[in-house]
2 protein chains.
Amino acid sequence: MNYTISQAAQKTNLSIHTIRYYDKEGLLPFVYRENGTRVFHEQDIDWLDLLCCLKNTGMPIKDIRTLIQHCMDNDAVLEKGVAILVRHRHNVEAQLKEMQRSLDTIDYKIKHLPQMFREKFSSEASESHNE
Amino acid sequence: MNYTISQAAQKTNLSIHTIRYYDKEGLLPFVYRENGTRVFHEQDIDWLDLLCCLKNTGMPIKDIRTLIQHCMDNDAVLEKGVAILVRHRHNVEAQLKEMQRSLDTIDYKIKHLPQMFREKFSSEASESHNE
DNA sequence: TGTTGACATAGAGTCCACTCTAGCGTTTAT
DNA sequence: ATAAACGCTAGAGTGGACTCTATGTCAACA
């Protein structure tokens with residue numbers, strides 16, 4: 001099944017502009033052209049999906065480019081690509097834990113915010129605060 | 001206990017530049033000055049910690065400013081601040097789930113990447129691919 | 001007293017990831 | 001055959017969050 005750029009955009013929830021931008025940045029070096037027009041295959045959509053995951057989990061575009069370039073070279077170097085992915089996977093796990101901690105902090109602060117700010121703005125505004 | 005800007009930077013893992021930038025952006029309107037020099041109290045460090053959590057979980061600076069402004073007004077409006085925080089909390093939960101899904105996708109792709117790219121670059125490079 | 005070091009401001013510059021515009025070509029429907 | 005719809009490129013512009021530079025003040029020390 002083949003798709004135009006606008007269909008690919010729909011399927012991936014990216015904008016047409018963004019897909020072209022990614023192509024320009026070397027993230028889609030494998031996309032075929034017919035008379036200059038991009039033709040997206042199912043596998044290209046798969047790659048765009050992975051790309052979105054990587055982007056959404058904070059991988060910078062230049063790292064994604066490195067990954068795809070490794071993948072395109074040959075099987076030996078593709079292993080490097082897998083390695084990048086595995087490393088990023090650990091990264092994402094760390095982010096998850098970090099975000100969980102942030103959530104806990106936010107919960108804690110929600111409870112203590114009123115008190116925290118009453119102390120800051122009610123008492124300290126009126127009383128002398130010796131340093 | 002009071003801190004200079006450089007001590008506050010150390011405690012929060014922000015740079016001095018960044019703290020001053022946050023102040024300029026109206027995120028630290030409550031920080032005292034002595035002869036122009038910022039003096040950070042324990043509570044200010046608490047607020048900087050929360051600020052980092054919010055920033056790390058994707059809250060834009062203008063929203064953080066709105067929050068702090070609500071908190072500074074009075075108790076009624078402080079409730080608005082709490083509401084913002086609660087809303088953001090749900091936001092972060094959604095992000096957590098999204099990131100978990102991304103992690104699953106990445107795991108799946110790690111398994112299937114070699115196959116996916118062999119199909120793309122080995123077969124299609126040599127055979128005619130009818131559209 | 002003069003140098004060092006920490007503080008300050010204003011504002012310019014950087015980096016990233018888009019996002020948009022202008023201008024052009026091709027296919028499709030009336 | 002002309003206009004609408006969609007595709008293309010090059011390149012300018014945007015927005016967010018820093019990051020850095022130039023310049024200046026002030027306090028403490030040799």
Given atom CZ of B/R38 and atom C1' of D/dT25, what is their separation to the nearest angstrom? 14 Å

Taking only residues two or more places apart in sequence or in another chain, which ones pass side chain to side chain contact (heavy atoms under 4.5 Å, CB included) with A/T37? none

Does anything in residues 8-23 of chain B come within less than 4.0 Å of DNA chain C? Heavy atoms only, and list the residues if so. B/R20

When rounded to whole Å, the OH to P distance for the pair A/Y32 and D/dC8 reads 17 Å

Interface limits on DNA chain C, where chain B has a heavy atom under 4.0 Å of a nucleotide atom: C/dC7 to C/dG11

Nearest-nucleotide wise, let me know which of B/N35 and A/G36 is further upstream toward the 5' end of DNA chain D. A/G36

Counting just side-chain N and O atoms, does A/T37 come under 4.0 Å of either OP1 or OP2 of D/dC6? no

Using nucleotides 10-12 of chain D, report all nitrogen or oxygen pairs with the protein that are shorter than 3.5 Å.
from   : atom 1 : to    : atom 2 : distance (Å)
D/dG11 : N7     : A/K24 : NZ     : 3.3

Results of ring pair (Phe, Tyr, Trp, His ring centres under 6.0 Å) for A/Y108 - residues two or more places apart only: A/H112

I need the B/T66 OG1 to B/M59 CE distance, nearest 0.5 Å. 9.0 Å

Distance col, row A/I68:CD1 vs A/L51:CG, nearest 0.5 angstrom, shows 8.5 Å

Nearest-0.5 Å distance, CD1 of residue A/I61 to CG of residue A/L67: 13.0 Å

Nearest-0.5 Å distance, NZ of residue B/K24 to NE2 of residue B/H17: 10.5 Å

For B/E25 and D/dG16, what is the distance between atoms CD and P respectively, to the nearest whole Å? 10 Å

I'd like to check the side chain to side chain donor-acceptor pair (under 3.5 Å) partners of A/T57; sequence neighbours left out, ordered by chain and number. A/H88

Under a 3.5 Å distance rule, please check whether A/W47 uses its side chain to pair with a backbone N or O of A/F30 as donor and acceptor. no

Once salt bridge (charged side-chain N to carboxylate O under 4.0 Å, His left out) is applied, what residue pairs with a partner in residues 39-67 of chain B remain, sequence neighbours excluded? A/K120-B/D44, B/E25-B/R65

Mind checking what makes side chain to side chain contact (heavy atoms under 4.5 Å, CB included) contact with B/R38, not counting sequence neighbours? B/I5, B/R20, B/D23, B/V31, B/R33, B/F40

Could you tell me the separation between the CD1 atom of B/I84 and the CG atom of A/L113, rounded to the nearest 0.5 Å? 10.0 Å

In short, A/I19 meets A/L28 closest at the heavy-atom pair O-CD1, 3.6 Å

Five pairs per end, C1' atoms only: what is the angle between the end axes of the helix from C/dT1-D/dA30 to C/dT30-D/dA1, to 10 degrees? 20°

Pairing donors with acceptors under 3.5 angstrom, does anything connect the side chains of A/S15 and A/T18? yes

List in chain and number order the residues that pass salt bridge (Lys or Arg N to Asp or Glu O under 4.0 Å) with B/R87, two or more places apart in sequence or in another chain; answer none if no residue qualifies. none

Expected list for residues 57-65 of chain B near DNA chain C, using heavy atoms below 4.0 Å, is none

Please compare A/K55 and B/Q7 by the position of their nearest nucleotide in DNA chain C and report the one closer to 5'. B/Q7

Can you find a pair of side-chain heavy atoms, one from B/V39 and one from B/T4, that are under 4.5 Å apart? no

With sequence neighbours excluded, give me every salt bridge (charged side-chain N to carboxylate O under 4.0 Å, His left out) pair touching residues 104-113 of chain B. A/R89-B/D107

